[in-house]
Amino acid sequence: MELEKFSYDNRMPRNFAMATVFWGIVGMLVGVIAAFQLAFPALNLDLAATTFGRLRPVHTNAVIFAFVGNGMFTAIYYSLPRLLKTKMYSDLLSKIHFWGWQLIIVAAAVTLMAGFTVSKEYAELEWPIDIAITIIWVIFGINMFGTILTRRERHMYVAIWFFIGSWAAIAMLHIVNSIEIPVTLFKSYPVYAGVQDALVQWWYGHNAVAFFLTTPYLGLMYYFVPKAANRPIYSYRLSIVHFWSLIFIYIWAGPHHLLYTALPQWAQSLGTAFSIMLILPSWGGMLNGLFTLRGAWDKVREEPILKFFVVGLTCYGMSTFEGPMMSLKSVNAISHYSDWTIAHVHIGALGWNGFMTFGMLYWLFPRIYKTQLFSKKLASTHFWIGTLGIILYAVPMYWAAFRSYFMFRAFTPEGQLQYQFIDVVQSTVPFYVMRAVGGTVYLLGVILMLYNLIKTVQQGSFVESEEAEAAPLPKFKATGKQFWHSVIERKPIWFLVASLLVVAIGGMIEMIPTFMIKSNIPTIATVKPYTPLELQGRDIYVREGCYTCHSQMIRPFRYEVMRYGEYSKAGEFIYDHPFQWGSKRTGPDLARIGGKYPDSWHFNHMLNPRSMSPGSIMPNYPWLFKRDLDISNTNSKIHAMRMLGVPYEQGYEAKANDDLQKQADKIAASLKNDKIEISSKKEIIAMIAYLQRMGKDIKASETTSTNN
Amino acid sequence: MKFINYLQGITGVSIYPMISLLLFVTFFSVVMVMVIRADSGFIDHMKNVPLDNEPKD
């Protein structure tokens, strides 16, 4: 048969690789700044754009979607054509994909710092950017499937299944979690509220970890580890079991982010059971990667690329064992809202994603620049610095988590809480410093890599495309009985449908019961919609990213109920678009903050937290005292909320701003009583209104029931 | 209100965990059996797909 000539393009993998390094450094730098802010609140600079609440989402989004995202695309654009013996389907689509993605990243960073956020973790971006992501993702999909359909290798190698599965699952997750009603150009409300919003968000959040940070990187692993070791994967059979069981089980495990919350019990148990089951496929994948190096461990000693892969895979194994353990309720009681979670995700991000990416980059750059790596020794140094950085990061966080847990739950013999929240914060600050140093060390390693790669690029010459030849794919003739999986590996569209079906079944069984049955969320008669001023205040709370440090979900533990008040009920959140349960308690829970302190306390505390609470690490919010509240959008906000089912009476839009002004004047008057002069038009007034409302409705129900 | 009330509110709720467990077990068993019975020539071919493409230096 005649061989066809074609070429592999190296420009796209190179562009994505450079973007990976660039955004990696940016994302990690923002992370280091945010880490130091937690220890030294002065670093928040008293500017809206640079406070922790806004930088933290910039950090998480940059690392996930910019660093790991570009890393994933580097791997796909390099390996896909080579595994299929064809060129990428369309150079134009590749270009649109590359530049579109970078533009989205820039837009994300700018809007997040400007305070435009939906506040759903790792899905914070507002609706215009959500739409842009969808378009670019579809373009990427067309390009990927176009390539697969014009292939010259009949069967798809395991790495490609992981790429297909990731693409399909991310498309589904992104769309389902981003359904929102636009209010203005940069403000929207999610259609889900309270418990449902939380369930959808963590179904998304958990599976974004699965299908953005894990499965594409397993694809990367299945291609680049065999390449770097120059030997085939340990077991191809295991990889088949690995793929199907991983995507099947992963999708079910989301509710483990909501243990002990107001989420229905059966959904919590389902999440735990499937999380434990996840250990098996995860470890199957890790062992498949590590065993690939069997009999080649001498190479690992000399080759920094393999060192990165070995530690990367080991970190994958560690965090996929740790994760299921954390989803056990008794362990979760300690780990949830604590720095343990932060340590856990960084074992994954720094160890697994980071080290796998670095290994790939050190392998890739010399090849596409037809040269040797500038310095193997420097790469080895990077490896050791990076490993040290991970340890310096993680150990203080684990320590801090257990320390604060024991402090939180300590009672005096008289049955009083032994420590104030602020005592715990102050004892954690030294650990925050150590963690920030660990992160800095890790970042230094990445800068070493940047230098090494620049030198490599300078000494080599770029190979724009590599010539190749292969026989065209003859029409398939079945001979005898066939292995079913070989059939499905021949049919990419069926493969896509099958993997989508597998993830969709899990998602549906998890969510349908909570959605369809109204009685799932018992209504509490005294829970009323927010007043217009409180609604505006809540949007400021969302804008400033308060949820990054404060939860609004009191778990049914003695030490939480005593510290924060009555535990949270599902029915309290039915008007919360979006929910604000949070995932980390750097500051105290706020679910029942309403009425706990006078208005003047909140006024002084927001201006300078340390004046009210010495030793606090909360940023100052001086701009809330200068800016006038924008009431021009009150009407559209009320309207949008009614569309979502919040029972504001018809025509309330017209009266909303009058009510808003009345309530604002009342708060200003109460402040004046405490000798604080401020115009009732400032943003802080709305913020105080919201803070004073939180968690109060249910107290009204208690009074009524005792009265009856 | 206790959580058990939500559970009781769903008609035939007990079927949900059963369906999900059955689906998973069936799927997993089928994959296992098929993988074990797979043709080793094919498996070897697939294993070497990435390595066959090593650029010739």
Side-chain angles (χ1 to χ4, degrees), chain A residues 8 79 82-83 85 153 155-159 222-224 226-227 230-233 235-238 240-241 244-245 248-249 252 262-266 268-270 273-274 277 367 466 468 482-486 489 502 505-506 509-510 512-514 516-522 524 569-571, chain B:
Chain A
Y8 299 127
S79 67
R82 286 168 172 82
L83 287 170
K85 298 198 174 67
E153 169 69 45
H155 295 280
M156 295 184 296
Y157 180 67
V158 52
Y222 274 117
Y223 182 80
F224 286 97
K227 278 299 222 192
N230 200 22
R231 46 182 53 223
I233 192 75
S235 165
Y236 196 77
R237 285 187 169 89
L238 179 56
I240 297 175
V241 179
W244 287 107
S245 50
F248 202 106
I249 302 177
W252 303 68
L263 184 75
Q265 197 70 51
W266 63 266
Q268 297 187 24
S269 304
L270 191 73
F274 276 89
M277 280 157 70
R367 269 172 187 72
E466 285 168 36
Q482 284 187 44
F483 175 35
W484 72 282
H485 207 269
S486 79
E489 278 170 40
V502 161
I505 289 174
I509 293 193
E510 188 185 312
I512 284 174
T514 335
M516 290 309 180
I517 314 294
K518 229 187 149 106
S519 65
N520 247 344
I521 295 153
I524 301 171
K569 318 283 190 294
Chain B
M1 226 178 170
K2 285 225 168 95
F3 288 122
I4 193 81
N5 294 329
Y6 319 147
L7 272 172
Q8 286 161 346
I10 306 169
T11 3
V13 67
S14 56
I15 204 95
Y16 282 103
M18 286 315 292
I19 293 174
S20 46
L21 193 68
L22 267 171
L23 267 174
F24 177 72
V25 171
T26 325
F27 189 86
F28 193 79
S29 323
V30 171
V31 170
M32 282 306 275
V33 170
M34 291 315 221
V35 160
I36 290 163
R37 291 176 48 196
D39 172 46
S40 43
F42 169 72
I43 294 284
D44 271 347
H45 167 73
M46 287 316 292
K47 256 184 162 179
N48 284 298
V49 168
L51 301 176
D52 286 343
N53 294 318
E54 192 71 89
K56 287 154 195 87
D57 295 329

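Convention: sequence-line order gives letters A, B, ...; per-chain numbering from 1.
Rounded to the nearest 0.5 Å, atoms CD1 (A:Ile233) and CG (B:Leu51) are 10.0 Å apart. Here B:Lys47 contributes atom NZ and A:Arg237 contributes atom CZ; the two are 8.5 Å apart, rounded to the nearest 0.5 Å. For the atom pair CD1 (B:Ile43) and CG (A:Leu238), the distance works out to 11.0 Å, reported to the nearest 0.5 Å.
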Are B:Met32 and A:Val241 close enough, and set up right, to give a side-chain contact (heavy atoms from CB on, under 4.5 Å), and what steps lead you there? CA-CA 7 Å; B:Met32 282 306 275; A:Val241 179; 3.8 Å; yes
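In this structure, chain B has no heavy atom under 4.5 Å from any part of A:Ser79.
Applying the side-chain contact (heavy atoms from CB on, under 4.5 Å) criterion to A:Arg231, with sequence neighbours excluded, gives A:Ala229, A:Thr292, A:Ala296.
Counting only heavy atoms from C-beta outward, the side chains of A:Val158 and B:Met46 never approach each other to under 4.5 Å.
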